[in-house]
Amino acid sequence: MVNAYIGLGSNLDNPIGHVKQALEDLKQLPQSQLLLASKLYLSKPVGPQDQDNFVNAVALIITELEPLSLLDELQTIEQQHQRVRERHWGPRTLDLDLLLFGEQSIQHPRLTVPHAQLSRRDFVVGPLLELCPELVLPSGTQLQELLQQCPIDGLICIDT
């Protein structure tokens, strides 16, 4: 079993509902178990600013799935939420990102782990700190160190 951290985000069609339902969907993943989920946070969009703010969270699961199989399962959940990829960093009903997969560093055409933008995203660093403040990334960087690069003071907890 491997610990995997998954980032969740939505800014369309009842974002709170999509994120909460996605957390329920994660409970149904094969060969996996949802262990923890962060509170919900409101964040400004990355990229185009002509869209609504996002609702974000991070979940911790344990899984026997291989990384690409887990990615396939996450993309299936996105499709169940009618995810449409119209433009890069555009609005979406649901975005599920595999942030960390155990201690592994993965470079694959379909998947980069740790997530390539993890250290620059307050909506990832904040919820990760909530779940596991002592987390050390595969590079040896402590999660706490990322706060210097990525302050989380712009996040708003919407503890619902």
Side-chain angles (χ1 to χ4, degrees), residues 1-11 15 18-20 22-48 53-78 83 85 88-90 92 94-159:
M1 297 291 264
V2 175
N3 285 351
Y5 289 88
I6 299 164
L8 301 90
S10 174
N11 73 338
H18 278 292
V19 171
K20 286 185 172 184
L23 289 169
E24 291 300 313
D25 296 339
L26 292 177
K27 292 179 182 177
Q28 305 306 314
L29 286 173
Q31 300 173 289
S32 305
Q33 180 182 353
L34 176 66
L35 294 182
L36 294 170
S38 72
K39 295 176 183 170
L40 303 184
Y41 292 86
L42 195 63
S43 68
K44 293 185 178 184
V46 171
N53 288 340
F54 276 79
V55 173
N56 297 99
V58 169
L60 168 61
I61 67 168
I62 54 172
T63 186
E64 293 179 12
L65 294 173
E66 293 298 320
L68 291 176
S69 296
L70 178 56
L71 178 64
D72 290 341
E73 294 288 341
L74 297 178
Q75 289 177 342
T76 296
I77 293 171
E78 288 178 342
R83 165 79 188 260
R85 299 173 192 269
H88 190 57
W89 291 334
R92 62 207 77 163
L94 184 63
D95 186 28
L96 298 175
D97 289 325
L98 181 52
L99 304 171
L100 296 165
F101 193 84
E103 302 292 320
Q104 294 186 38
S105 293
I106 302 167
Q107 294 295 321
H108 185 275
R110 292 186 55 216
L111 180 64
T112 299
V113 174
H115 189 280
Q117 302 298 316
L118 184 150
S119 65
R120 297 185 189 118
R121 303 284 166 81
D122 60 353
F123 56 85
V124 171
V125 173
L128 273 173
L129 277 168
E130 177 190 330
L131 293 182
C132 190
E134 303 303 319
L135 184 67
V136 177
L137 303 180
S139 65
T141 303
Q142 293 184 354
L143 189 58
Q144 293 282 342
E145 292 175 35
L146 295 183
L147 286 175
Q148 296 171 357
Q149 300 169 233
C150 182
I152 59 172
D153 56 357
L155 279 183
I156 299 170
C157 182
I158 54 173
D159 191 28

Separation of Leu74 CG from Ile6 CD1 (nearest 0.5 Å) = 4.5 Å

message = Let's go through Leu40 and Lys20 carefully: what are the C-alpha distance in whole Å and the side-chain angles of both, what is the deciding distance for side chain to side chain contact (heavy atoms under 4.5 Å, CB included) to 0.1 Å, and is it a yes or a no?
response = CA-CA 9 Å; Leu40 303 184; Lys20 286 185 172 184; 4.1 Å; yes

inquiry  = Please give me the minimum heavy-atom distance between Pro127 and Ala57, naming the atom from each residue.
reply    = CB-C, 4.4 Å

ask   = When rounded to the nearest 0.5 angstrom, what distance separates CG in Leu143 from SG in Cys150?
value = 9.5 Å

ask   = Judged by atom type as modelled, is there a donor-acceptor pair below 3.5 Å linking the side chain of Ser32 to the main-chain atoms of Pro30?
value = yes

message = I'd like to check His115 versus Val124 (side-chain heavy atoms, cut-off strictly below 4.5 Å). Are they in contact?
response = no

Donor-acceptor contacts under 3.5 Å from residues 130-142 side chains, at least two apart:
| residue | atom | partner | partner atom | Å |
| --- | --- | --- | --- | --- |
| Glu130 | OE1 | Lys39 | N | 3.2 |
| Glu130 | OE1 | Tyr41 | OH | 2.5 |
| Glu130 | OE2 | Lys39 | N | 2.9 |
| Ser139 | OG | Thr141 | N | 3.3 |
| Ser139 | OG | Thr141 | OG1 | 3.0 |

query = So how far is it from Leu35 CG to Ile61 CD1, rounded to the nearest 0.5 Å?
reply = 8.5 Å

ask   = Looking at side-chain heavy atoms only, is the closest gap between Leu65 and Val2 below 4.5 Å?
value = no

inquiry  = On a heavy-atom basis, which atom in Val19 and which in Gly9 lie closest, and how many Å separate them?
reply    = CG2-C, 4.3 Å

request  = Flag the pair Asn56 / Leu8 as yes when at least one side-chain heavy-atom distance between them is below 4.5 Å, and no otherwise.
outcome  = no

note = Residue pairs meeting salt bridge (Lys or Arg N to Asp or Glu O under 4.0 Å), one or both in residues 99-116, sequence neighbours left out, come to Asp72-Arg110

key: Residue Glu66 excluded, over 12 heavy atoms near CD under 6.0 Å   = no

key: Atom pair CD1/CG of Ile62 and Leu29 - distance to nearest 0.5 Å   = 12.0 Å

ask   = Does atom CD of Gln148 have more than 12 heavy-atom neighbours from other groups under 6.0 Å away?
value = no

Audit row: Val125, Leu128, side chain to side chain contact (heavy atoms under 4.5 Å, CB included) steps and yes/no = CA-CA 5 Å; Val125 173; Leu128 273 173; 5.7 Å; no

ask   = Are Leu96 and Leu71 close enough, and set up right, to give a side chain to side chain contact (heavy atoms under 4.5 Å, CB included), and what steps lead you there?
value = CA-CA 9 Å; Leu96 298 175; Leu71 178 64; over 6 Å; no

message = Let me confirm one number: the NE2-CG distance from His18 to Asn11, rounded to the nearest 0.5 Å.
response = 10.0 Å

query = Any side-chain heavy-atom pair from Asn53 and Pro45 closer than 4.5 angstrom?
reply = yes

key: Minimum heavy-atom distance Tyr5-Leu60, with the two atoms named   = CZ-CD1, 3.7 Å

query = When rounded to the nearest 0.5 angstrom, what distance separates CG in Leu26 from CD in Gln33?
reply = 12.5 Å

query = What closest approach, in Å, do Leu94 and Glu78 show between heavy atoms, and which atom pair accounts for it?
reply = O-CG, 3.8 Å

message = Give me the atom names and distance for the closest heavy-atom approach of Ala59 to Leu34.
response = CB-CD1, 3.7 Å

query = Mind checking whether Gln107 and Thr112 have side chains closer than 4.5 Å, heavy atoms only?
reply = yes

query = How about Leu146 and Leu129: do any of their side-chain heavy atoms sit closer than 4.5 Å?
reply = no

inquiry  = Please find the pair of heavy atoms, one from Asp97 and one from Asp95, that lie closest to each other, and give the distance.
reply    = OD2-OD2, 3.3 Å

ask   = Do Phe101 and Thr63 pass the side chain to side chain contact (heavy atoms under 4.5 Å, CB included) test, and can you show the C-alpha distance, the side-chain angles, and the key distance before you say yes or no?
value = CA-CA 9 Å; Phe101 193 84; Thr63 186; 3.9 Å; yes

